[in-house]
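Okay, structure first, notes after.
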Amino acid sequence: MRIAAAKLHEMGAVNVALTGGDLEKATDLLSFTTNGRVEQEVFKSERLRSNSTHGTGCAFSTSLACHLAQGRGLPEAVLLSKAYVAAAIAHAYPVGKGVGPVNHLYRMNPPAESQRAVSRGGNSPFEELRTSEGGKG
């Protein structure tokens with residue numbers, strides 16, 4: 001990762017964020033230029049075992065852009081974006097077959113509420129998707 005970041009800096013990139021969520025130990029590298037010199041920060045976490053990882057790269061980059069637009073520093077923005085993606089994976093609901101999407105809306109529907117609705121015989125917010133995809137409930 002450090003070699004890739006160095007090559008991207010040589011090509012003109014001022015800041016580089018490389019993600020490695022598919023590695024055994026999820027490792028992200030932030031390489032940024034401050035006062036004319038390159039600094040690097042490594043973010044490590046446990047790899048989440050999930051089939052609901054579709055959209056992680058888009059979620060990370062969008063979250064990063066939003067945090068930067070709110071005036072946060074680059075290291076903080078990367079850390080918060082990494083936490084957001086991890087939570088979206090952890091709260092994902094398996095849909096259909098194969099690789100499913102992360103749950104971008106996990107904060108809007110706390111798991112306890114979803115579970116109560118299903119246990120009362122109500123429909124899960126994802127029930128229609130599961131049925132239309134041919135999945136079983």
Side-chain angles (χ1 to χ4, degrees):
M1 291 182 112
R2 291 182 192 276
I3 293 169
K7 287 184 180 182
L8 289 168
H9 283 301
E10 286 173 14
M11 294 170 67
V14 176
N15 302 311
V16 177
L18 297 172
T19 61
D22 56 341
L23 301 173
E24 192 57 38
K25 184 84 167 171
T27 304
D28 297 338
L29 174 69
L30 173 61
S31 185
F32 55 102
T33 307
T34 307
N35 298 324
R37 69 175 244 252
V38 174
E39 294 184 36
Q40 294 186 331
E41 194 164 333
V42 176
F43 301 88
K44 291 184 180 183
S45 64
E46 292 299 317
R47 180 177 179 201
L48 296 173
R49 304 282 180 204
S50 175
N51 279 343
S52 298
T53 56
H54 183 77
T56 53
C58 292
F60 180 82
S61 61
T62 300
S63 178
L64 182 60
C66 289
H67 286 297
L68 292 172
Q70 291 175 341
R72 291 186 172 88
L74 192 54
E76 181 186 13
V78 168
L79 182 63
L80 291 170
S81 298
K82 186 173 173 67
Y84 167 71
V85 171
I89 292 170
H91 291 91
Y93 190 84
V95 178
K97 297 179 182 176
V99 178
V102 297
N103 182 0
H104 296 283
L105 305 177
Y106 72 90
R107 289 183 178 166
M108 295 178 72
N109 233 351
E113 277 301 311
S114 297
Q115 293 305 319
R116 263 189 252 125
V118 172
S119 66
R120 286 192 310 252
N123 287 335
S124 156
F126 301 103
E127 191 62 38
E128 188 175 295
L129 287 174
R130 291 175 62 203
T131 305
S132 67
E133 290 290 324
K136 295 182 179 180

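Residue numbers start at 1 and run along the sequence shown.
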Smallest separation among heavy atoms of [X] and [Y], with atom names:
X   : Y    : result
Y84 : A59  : CE2-CB, 4.0 Å
V78 : F43  : CG1-CE1, 3.5 Å
A92 : N103 : CA-CB, 3.7 Å
S81 : A77  : OG-O, 2.8 Å

List the atom pairs, with distances to 0.1 Å, where a side-chain N or O of residues 1-13 and a protein N or O form a donor-acceptor pair under 3.5 Å, not counting sequence neighbours.
| residue | atom | partner | partner atom | Å |
| --- | --- | --- | --- | --- |
| R2 | NH1 | Q40 | OE1 | 2.4 |
| H9 | ND1 | A13 | O | 2.8 |
| H9 | NE2 | S31 | OG | 2.7 |

Exercise. Are Y106 and F60 in one and the same hydrophobic cluster, where Ile, Leu, Val, Met, Phe, Trp and Tyr link if side-chain heavy atoms are under 4.5 Å apart?
Worked result: yes

Exercise. Any link between V85 and L68 through a network of hydrophobic side chains (Ile, Leu, Val, Met, Phe, Trp, Tyr) touching at under 4.5 Å?
Worked result: yes

For this session: Would you mind listing every salt bridge (Lys or Arg N to Asp or Glu O under 4.0 Å) that reaches into residues 77-90, with sequence neighbours excluded?
Result: D28-K82

Seminar exercise, completed: So salt bridge (Lys or Arg N to Asp or Glu O under 4.0 Å) across residues 63-72, not counting sequence neighbours, yields R72-E76

Exercise. Looking only at atom types and distance, does a side-chain atom of T27 sit under 3.5 Å from a main-chain N or O of G20, one as donor and one as acceptor?
Worked result: no

Problem set entry | Student check: side-chain heavy atoms of V99 and N51 closer than 4.5 Å | no

Problem set entry | Which residues share a side chain to side chain donor-acceptor pair (under 3.5 Å) with S52, sequence neighbours left out | none

For this session: For R37, enumerate each residue passing the side chain to side chain donor-acceptor pair (under 3.5 Å) test, keeping only those at least two apart in sequence or located in another chain.
Result: none

For this session: Applying side-chain contact (heavy atoms from CB on, under 4.5 Å), name anything that partners A83, two or more places apart in sequence or on another chain.
Result: none

Problem set entry | Positive for side-chain contact (heavy atoms from CB on, under 4.5 Å) with L30, one of L18, L79, V16, L74 | L74

Seminar exercise, completed: Taken to the nearest 0.5 Å, the spacing of T19 OG1 from L29 CG works out to 10.5 Å

